[in-house]
Amino acid sequence: MPPAPVPVLSSEVADALTAGRPVVALESTLLAHGLPRPDNRAAADEVEAAVRAGGAVPATIAVLDGVPHVGLTAEQVDRVCADPDLAKLAVRDLPVALALGRSGATTVSSTALLAAAAGIGVFATGGLGGVHREAADTFDESADLTTLSRTPLLVVCAGVKSILDVPATLERLESLSVTVVGYRTTTFPGFYVADSGSTVDWAVSSPEEAAAVLAARRGLAPGGVVLANPLPDDEQLDPELHDRVIADALAAAARAGVRGKAVTPFVLDHLHRVSEGATLAVNVRLVLRNAELAGRIAAALALLPR
Ligand code: PSU
Ligand code: MN
């Protein structure tokens, strides 16, 4: 195995990790490419505060001038949220950004890689990438899935983004031997909506149980755990509105001929606009819930023997 990149830790994150205190990794692509400017800046602070409310230190991850940072200063978060030309870096893009001194936001895949390299076991996001609905023709499947098959950490999410083919994504997660568990439910959430229409085999009922599953996975096989945390029914996007705006956004992406890593940001942006901010509010809400739960799980993990 080639050596993992050595990220630069903020002093708060470094101190917490050295002392064995709980830390939660946070990604920056959802800030830079998933939420509109300038609302993304306030959301960044709220997500970090939610991790702290759960009992852990937040470690937002991004690459700045070729340096992978784990734990950002306020000025560094400003940069991530303000730059309209910031690159979107999946794992395969990291070497180029590091070698050429470039900056970029990290996706689930690259955040997971850098978090694990730093020794962080728990990560919170909104919704995973996955298999796109036209994947049989386009082969568009997020690198999030293969990365989670070999990265030893637990990611708290509201399922996979509902712009995707959810059943196909669950099939791929099974093939890749990624452990998938629901939080207090076997209903697999649909990101903006509580129920994707798919189910999972297992549920955990507490942060302690979630931490125990990650600890067991670490002792057994490389690769990670997806913990799916649905929004409560009364906080979800109206399912009828959801289906309508998703169809509209996917049709717009097809008309515009959007391809590759531009697809997800394009569709999310379209949704925020056609729903007049309804998808945006729900997206922020679910990320905050995931961040707080991740904080609790990291706190439980810190009490287990390593
Ligand atoms: N969760 C959100 N909003 C986002 C993402 C997750 O609430 O924008 C990002 C994550 O960074 C994820 C990426 O890795 O979307 C997936 O992009 P792609 O489909 O190109 O792999
Ligand atoms: Mn893709």
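One is the number of the first residue; the rest follow in order along the sequence.
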So which heavy atom on [X] is nearest to which on [Y], and how close?
X	Y	result
Ala256	Phe266	CB-CZ, 4.0 Å
Thr279	Tyr192	O-CE2, 3.5 Å
Asp248	Val274	OD1-CG1, 3.6 Å
Val131	Leu164	O-CB, 3.3 Å
Leu86	Ala105	CD2-N, 3.7 Å
Ala118	Leu9	CB-CD2, 3.7 Å

When you measure from the side chain of [X] to the backbone N and O of [Y], does any donor-acceptor pair fall under 3.5 Å?
X	Y	value
Ser28	Leu31	no
His69	Gln76	no
Thr186	Gly182	no
Ser196	Phe188	yes
Arg21	Val57	no
Asp144	Ser109	yes

Test salt bridge (Lys or Arg N to Asp or Glu O under 4.0 Å) on Lys261 and Asp93 and set out the steps. CA-CA 11 Å; Lys261 66 185 183 184; Asp93 307 303; 3.7 Å; yes
[X]-[Y] co-clustered via ILVMFWY side chain contacts under 4.5 Å:
X	Y	result
Val178	Tyr183	yes
Phe123	Leu17	no
Val156	Val70	no

Are [X] and [Y] packed together at the side-chain level, in the sense that at least one heavy-atom pair is separated by less than 4.5 angstrom?
X	Y	result
Thr125	Val287	no
Ser198	Pro167	yes
Leu176	Leu148	no

When rounded to the nearest 0.5 angstrom, what distance separates [atom1] in [X] from [atom2] in [Y]?
X	Y	atom1	atom2	answer
Glu292	Asn229	CD	CG	10.0 Å
Leu288	Arg285	CG	CZ	9.5 Å
Cys81	Asp39	SG	CG	10.5 Å
Leu268	Lys161	CG	NZ	6.0 Å
Arg296	Glu208	CZ	CD	10.0 Å
Leu214	Leu154	CG	CG	5.5 Å

Does [X] [atom1] have over 12 foreign heavy atoms under 6.0 Å away?
X	atom1	answer
Glu174	CD	no
Arg41	CZ	yes
Arg92	CZ	no

With a 4.0 Å cut-off on N to O distance, would you call [X] and [Y] a salt bridge?
X	Y	value
Arg79	Asp65	yes
Glu46	Arg289	no
Arg259	Asp140	no

Establish, from distance only, whether the side-chain atoms of [X] and [Y] form a donor-acceptor pair under 3.5 Å.
X	Y	value
Ser205	Glu209	yes
His242	Ser162	yes
Glu27	Thr106	no

Partner of Ile297 under side chain to side chain contact (heavy atoms under 4.5 Å, CB included), chosen from Val24, Val213, Val122, Val225: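 Single side chain to side chain contact (heavy atoms under 4.5 Å, CB included) partner of Ile297 among Val24, Val213, Val122, Val225: Val122.
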